[in-house]
Amino acid sequence: MKRSALQRKTPLRNRAPMARKPMQKRRKTAQKASSDTRWRSERYLAFVRSLPCCACGGPATDAHHVIGLHWGLSGMGTTAPDSFAMPVCRECHQSIHASPEMQARQPGWLTDTINRGLDHFTDEPIVGALADALEFIAAKEDAHG
């Protein structure tokens, strides 16, 4: 059986094409000043990177900020204050991020790094931040067990 072509019952209306508004460029909104008050010091981080790797003793290339201890210092999109940084080589840095066992060793490494920083620096912003960090770590370790 041969089929005939379909025919419309009502003809299409000849309309003007849909009027579209031209795309507007997005205005860049002024970025708000950061509300992050975490202590930062490039000078202290340079000192940390000058120390030997806290995990293997080799030359450190990175200043690793503490992670994974559930202390509320770091999380999604945030980094711990610079006073909670320790010297590590690239290989050990990757291992710390991958290994909960290595993350559990961070408090000891941090304490050692901070004590070295307290021996090295004498100016107040750095010494004060390091003393606060040492106190914080001691409180967390006492609470943990």
Side-chain angles (χ1 to χ4, degrees), residues 3 5-6 8 10-145:
R3 295 189 174 199
L6 292 176
R8 292 187 146 286
T10 54
L12 291 173
R13 285 192 263 168
N14 190 8
R15 282 199 236 169
M18 243 171 97
R20 294 182 185 225
K21 294 179 183 177
M23 289 183 64
Q24 295 178 352
K25 292 182 181 177
R26 290 186 182 182
R27 292 182 183 165
K28 291 184 179 179
T29 57
Q31 292 185 348
K32 295 179 182 177
S34 175
S35 61
D36 188 8
T37 58
R38 296 167 193 266
W39 182 73
R40 301 288 178 221
S41 171
E42 189 54 45
R43 196 169 135 227
Y44 179 68
L45 291 180
F47 165 75
V48 168
R49 285 188 289 269
S50 74
L51 299 172
C53 176
C54 58
C56 71
T61 55
D62 298 345
H64 167 70
H65 292 77
V66 68
I67 60 164
L69 296 177
H70 307 290
W71 287 354
L73 295 172
S74 59
M76 186 77 89
T78 59
T79 301
D82 288 349
S83 52
F84 290 88
M86 62 199 91
V88 290
C89 64
R90 172 56 39 197
E91 294 79 24
C92 291
H93 198 170
Q94 290 172 339
S95 297
I96 292 170
H97 280 268
S99 167
E101 292 80 22
M102 287 190 78
Q103 290 175 14
R105 296 173 62 190
Q106 292 176 113
W109 294 335
L110 273 174
T111 302
D112 180 54
T113 303
I114 292 170
N115 284 327
R116 288 179 180 209
L118 288 170
D119 290 342
H120 180 78
F121 292 100
T122 57
D123 49 328
E124 182 44 43
I126 294 177
V127 170
L130 295 180
D132 291 346
L134 207 51
E135 211 174 289
F136 180 87
I137 293 167
K140 290 295 184 179
E141 287 295 289
D142 288 345
H144 180 50

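If you read the sequence from its start, that first residue is 1, and numbering goes on from there.
In this structure, Cys89 and Cys53 approach most closely via the heavy-atom pair N-SG, 3.4 Å. Arg38 and Ala80 make their closest contact through NH1-CA, 4.0 Å (heavy atoms, listed as atom of the first residue, atom of the second, distance). For Pro52 against Ala60, the heavy-atom pair with the smallest separation is C-CB, 4.1 Å. Leu45 and Ala63 make their closest contact through CD2-CB, 3.9 Å (heavy atoms, listed as atom of the first residue, atom of the second, distance). The two residues Pro81 and Arg40 make their nearest non-hydrogen contact at CA-NH1, 3.5 Å. For the residue pair Thr61 and Arg49, the shortest heavy atom distance occurs at O-CD, 3.5 Å.
Rounded to the nearest 0.5 angstrom, Ser95 OG and Gln103 CD are separated by 11.0 Å. Taken from OG in Ser50 to NE2 in His120, the straight-line distance is 7.0 Å, to the nearest 0.5 Å. Rounding to the nearest 0.5 Å places CD1 of Ile114 at 14.5 Å from CH2 of Trp109. With rounding to the nearest 0.5 Å, the separation of CG in Asn115 from CG in Leu110 is 10.5 Å. Separation of atoms CD1 (Ile137) and CD (Glu135) is listed at 11.0 Å; rounding is to 0.5 Å. With rounding to the nearest 0.5 angstrom, the CZ atom of Phe136 is 10.5 Å from the CD atom of Glu141.
With Gln94 contributing its side chain and Glu91 its backbone, the two residues share no donor-acceptor pair below 3.5 Å. Checking side-chain atoms of Asp112 against main-chain N and O of Gly108 turns up no donor-acceptor pair under 3.5 Å.
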Could you tabulate the donor-acceptor pairs under 3.5 Å formed by side-chain atoms of residues 65-75, not counting sequence neighbours?
from	atom 1	to	atom 2	distance (Å)
His65	NE2	Asp82	OD1	2.8
Ser74	OG	Val66	O	3.3

- Task: Check step by step if side-chain contact (heavy atoms from CB on, under 4.5 Å) holds for Asp132 and Ser83.
- Result: CA-CA 9 Å; Asp132 291 346; Ser83 52; over 6 Å; no

- Message: The test is side-chain contact (heavy atoms from CB on, under 4.5 Å); show your working for Arg116 and Phe47 and say whether it passes.
- Response: CA-CA 10 Å; Arg116 288 179 180 209; Phe47 165 75; 4.2 Å; yes

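At a threshold of 4.5 Å between non-hydrogen side-chain atoms, the residues Tyr44 and Thr113 count as touching.
For Arg105, there are no side-chain hydrogen bond (donor to acceptor under 3.5 Å, both in side chains) partners two or more places apart in sequence or in a different chain.
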